[in-house]
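Keep in mind that the numbers below use all heavy atoms, side chains included, and drop hydrogens, waters and symmetry copies.
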Amino acid sequence: MERMETEIEIKKLHRMLAAGTSAALTVQEAARQLAEAGFEELHFSDGWGLDRGGRYYMKHHDTTLFAFTVGRGLSYRDGFRMAAAHTDYPCLRIKPRPDIASAGYGQLNVEVYGGPILNTWLDRPLGVSGRVALSSGDAFHPGVRLVDLKHPVAVIPNLAVHLNRDVNKGVALNEQTELLPVIFTGEQKEDEGFLDFLAKELSVKREEILDYELSLCCLQEPELVGTRGELLVSPRLDNLTSVQALLSGLMGGEREQGVNLIALFDHEEIGSRGKQGAGSTLLLSLLEKILQCFGRTECQVKEAIYDSMLLSVDVAQGTHPNYLGKMDPTSRPVLNGGFCIKEACSQAYATDCRVVAVVEQLCRNHGISYQKYVNRSDVRGGGTLGSILSGIIPVSTVDIGVPLLAMHSAVETMGWKDQLEITRFVTAFFQDA
Ligand code: ZN
C-alpha cells in the first residue's frame, strides 16, 4: 500500500474505533461510510429493482448491516463472494430499573454481555452507548433513538489494596455486586434517577422512555504505542478491525462478474442467536432475493449460492511474550507479521484445505503477509460465526483475522500493519477475477 493509502486506512480505523461504541453505533458509522461512497439504502420488506453495477446496503434492526455490489457483467451462473464480521463486543449492559442507592452513592444496575475480562473495566471513565425506544403515539412503531454519550458518566472503582491485601493473587468479581458503577454521590432526589438524566440528554420527557439497550463503553482513544509506534492500543479492536477491513474492501474492490457482499452481524459474543445473529436465516433469504431480482429461478439461485465463497473475519490470538506456553509450539503468530488464517480440526473455525489454498494463492499473487493460527491441543480456544454461517449456507468458508493481544479486555493491543494486510486481502478477494 502507498503511504497515502496507509494513512487513509489507519485514519478510517481510528474513526471506526472511536465511533463504534456499541453495535448500533457501529452500524450507523458503517452506513455513513457506505452512503458517502454512493451506496443506496434498501429495506428488506420493499420490492427491489436492482441494477447491474449497483451498490446497496441494508440495515437490519439497527445493529446488523448487509452491503453488496452487483457486477456490471453479472451472468446467470455467477455466485457470491461474501465476508462476515460482528458488530458487538463484550461489555456491561445497563438493566431496566437501573438506579441503586447505596450509602450515599448513586449506582447503576448492570449485567455482563458476552465474556469480557471483567477487572479491565475497573477504574476507567465509562460512557453510555446504544439505543432507546421512545413513545410515539403509534403503538406498533415506537421511536428509536441512537445514544452515544461522549462524556464519561460512570466509573467502577477498585477496592484499595489496603482493604484486600490478597488482590495481587487474583480477584474473582461477583457479576451482580462488584461491577456496579458509581454515577453520583449524595442522596438521590425524586427526579434525579438515571432515566431522568437520559431524558435530559435526549431532550425528551422521562415518561417517553419505554425501553433501551444501553451499554457502558470505554472512552479511551485509539493510540499508537511503542518505541517504533507499531502497536495500536484501543477498545473494541475485536471486531471493529474486521468491520472496517470489510467496508474498505467492499468499497475498494469491484468485479465485472458476480455479487460482492459483506454481512456485519450482532450477537456474536452471545452465540450468534436471534434475528440479528449469524445463526439467523436472513442472509440466505437476502442472497435469494438479490438473484431473484435478476430473474434467476429457484434452482439457479441454489446453484449460484453453492458456487460461492465466504470469509469469516474476526480477530485471532497473537503470541503473548509473557505466556509462550499458552500457544501452539509450531504456529505462533506475531503482531505485525500479517493476518491469520485460523484452522481447527473441530471446525470451531470453519475451514478446509482447498479454501485455505485460495487465500494463500491470493496472498502470494498480491504480496500480502499471512500467518497460520491453530490452538494448542490442550486449549479449547474460541469459536467464530464462520462455522455457524457455513452450516446455514453451505459454501466454502475460511476464518481469518488480525492477531491481537488481550482479547476481550476493555482495551486490546494489535499491530497496525496487520490491518493494512487484511484490508488489502479483502480488497483482492472482492476484486480478482
Ligand atoms: Zn470477535
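Side-chain contact check for Glu269 and His408: at least one donor-acceptor pair (N or O, by modelled atom type) lies under 3.5 Å. Side-chain contact check for Glu111 and Gln176: no donor-acceptor pair (N or O, by modelled atom type) lies under 3.5 Å. Judged by distance alone, the side chains of Asp62 and Gln276 never bring a donor and an acceptor atom under 3.5 Å apart. Inspection of the Ser248 and Glu9 side chains reveals an N or O donor paired with an N or O acceptor under 3.5 Å.
Taking all atoms of both residues into account, the shortest heavy-atom contact from Asp418 to Gly337 is OD1-N, 3.2 Å. The nearest pair of heavy atoms linking Ala154 to Leu216 is CB-CD2, 4.3 Å. Heavy-atom minimum distance, Leu335 versus Gly318: CD2-CA, 4.4 Å. In terms of heavy-atom proximity, Pro116 sits nearest to Pro90 at N-CB, 3.4 Å. Nearest heavy-atom pair across Pro403 and Met414 is O-CB, 3.9 Å. In this structure, Leu146 and Gln28 approach most closely via the heavy-atom pair CD1-OE1, 3.3 Å.
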- Item | Audit row: Ile117, Met407, side-chain contact (heavy atoms from CB on, under 4.5 Å) steps and yes/no | CA-CA 8 Å; Ile117 303 176; Met407 193 185 294; over 6 Å; no

- Report the C-alpha separation of Gln244 and His14 in whole Å, then their side-chain angles, then the decisive distance to 0.1 Å, and conclude whether the side chain to side chain donor-acceptor pair (under 3.5 Å) test is met. CA-CA 10 Å; Gln244 188 55 55; His14 272 242; over 6 Å; no

- Task: Go through the steps to decide whether Lys342 and Thr351 satisfy the test side-chain contact (heavy atoms from CB on, under 4.5 Å), and finish with yes or no.
- Result: CA-CA 8 Å; Lys342 298 185 262 182; Thr351 190; over 6 Å; no

- Query: Can you list the steps and then say if Glu360 with Lys372 is a salt bridge (charged side-chain N to carboxylate O under 4.0 Å, His left out)?
  - Reply: CA-CA 10 Å; Glu360 294 192 65; Lys372 286 196 181 171; 3.0 Å; yes

- Item | Stepwise side-chain contact (heavy atoms from CB on, under 4.5 Å) test for Leu264 and Thr26 | CA-CA 9 Å; Leu264 307 178; Thr26 294; 5.7 Å; no

- Task: Would you sort out whether Ser22 and Ser129 count as a side chain to side chain donor-acceptor pair (under 3.5 Å), showing the intermediate values?
- Result: CA-CA 6 Å; Ser22 60; Ser129 179; 2.8 Å; yes

- Task: Apply side-chain contact (heavy atoms from CB on, under 4.5 Å) to the pair Tyr57 and Ile262, showing each step before the final yes or no.
- Result: CA-CA 9 Å; Tyr57 72 96; Ile262 62 170; over 6 Å; no

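In this structure, the side chains of Gln33 and Glu29 come closer than 4.5 Å at one or more pairs of heavy atoms. Residues Phe194 and Ile94 form a side-chain contact, since some pair of their non-hydrogen atoms from C-beta on lies under 4.5 Å apart. When side chains are defined from C-beta on, Leu214 counts as touching Val132, because their heavy atoms get closer than 4.5 Å. A 4.5 Å side-chain heavy-atom check between Ser312 and Leu389 finds every atom pair outside the cut-off. In this structure, the side chains of Thr69 and Val259 stay at 4.5 Å or more apart for every pair of heavy atoms. Put simply, the side chain of Val171 does not reach to within 4.5 Å of the side chain of Asn158, judged on heavy atoms. The closest side-chain heavy-atom distance from Phe425 to Ile400 is below 4.5 Å.
Atom-to-atom distance recorded for Leu219:CG and His151:NE2 is 9.5 Å, nearest 0.5 angstrom. With values rounded to the nearest 0.5 angstrom, Glu412 atom CD is found 8.0 Å from Ser234 atom OG. In this structure, CZ in Arg236 is found 9.0 Å from CG in Leu25, a value given to the nearest 0.5 Å. Atom CH2 of Trp416 is separated from atom CG of Leu232 by 10.0 Å, given to the nearest 0.5 angstrom. Going from atom CG of Asn174 over to atom CG of Leu118 covers 10.0 Å, rounded to the nearest 0.5 Å. Here the OG atom belonging to Ser390 is positioned 7.5 Å from the CG atom belonging to Leu310, to the nearest 0.5 angstrom.
Ring pair Phe66/His60 is tilted by interplanar angle, where 30° to 60° counts as tilted. Between Tyr349 and Tyr373, the ring-plane angle classifies as perpendicular under the 30° and 60° cut-offs. Using bins of under 30°, 30° to 60° and over 60° for the plane-to-plane angle, the ring pair Phe68/Tyr56 lands in the tilted bin.
When atom types are taken as modelled, the side chain of Asn375 and the backbone of Ser377 share no donor-acceptor pair closer than 3.5 angstrom. Checking side-chain atoms of Asp314 against main-chain N and O of Ala84 turns up no donor-acceptor pair under 3.5 Å. Using modelled atom types, one side-chain atom of Asp196 and one backbone atom of Gly193 make a donor-acceptor pair closer than 3.5 Å. With Arg124 contributing its side chain and Val155 its backbone, the two residues share no donor-acceptor pair below 3.5 Å. Judged purely by atom type and a 3.5 angstrom limit, His86 uses its side chain to pair as donor or acceptor with the backbone of Asp88. Between the His267 side chain and the Arg273 main chain, a donor and an acceptor come within less than 3.5 Å of each other. The closest donor-acceptor contact from the side chain of Thr423 to the backbone of Gln419 lies under 3.5 Å. With hydrogens and angles ignored, the 3.5 Å screen pairs a side-chain donor or acceptor of Tyr212 with a backbone N or O of Lys95. A distance-only check finds no donor-acceptor pair linking the side chain of Asp46 to the backbone of Trp48 [under 3.5 Å]. Side-chain N or O atoms of His320 include one that pairs as donor or acceptor with a backbone N or O of Asn322 at under 3.5 Å.
Exactly one of His366, Arg255, Arg81, Gln361 qualifies for a side-chain hydrogen bond (donor to acceptor under 3.5 Å, both in side chains) with Asp432. That residue is His366. Of the candidates Leu65, Leu282, Thr63, Thr64, Phe265 forms a side-chain contact (heavy atoms from CB on, under 4.5 Å) with just one, namely Thr64.
Heavy-atom contacts from other residues, nucleotides or ligands closer than 6.0 Å to OH of Tyr105 number 12 or fewer. Heavy-atom neighbours of Glu207 CD from other residues, nucleotides or ligands within 6.0 Å: above the threshold of 12. At most 12 non-hydrogen atoms from other residues, nucleotides or ligands lie less than 6.0 angstrom from NE2 of His141.
Remark: Ser135 pairs with Glu208, Leu210 by the side chain to side chain contact (heavy atoms under 4.5 Å, CB included) rule, at least two apart or across chains.
A salt bridge is absent between Lys12 and Glu7: the closest approach of a Lys/Arg side-chain nitrogen to an acidic carboxylate oxygen does not fall below 4.0 angstrom. With respect to the salt-bridge test (charged N to carboxylate O, under 4.0 angstrom), the residues Lys417 and Glu421 do not qualify. Under 4.0 Å is where a charged nitrogen must lie from a carboxylate oxygen, and between Asp328 and Arg376 no such pair does. A salt bridge links Arg131 with Glu213: the closest approach of a Lys/Arg side-chain nitrogen to an acidic carboxylate oxygen falls below 4.0 angstrom. Electrostatic pairing of Arg55 and Glu254 counts as a salt bridge here, judged by a charged N lying under 4.0 Å from a carboxylate O.
For the pair Arg93 and Tyr113, the distance from NZ or CZ to the six-membered ring centre is under 6.0 Å and the angle to the ring normal is within 45 degrees.
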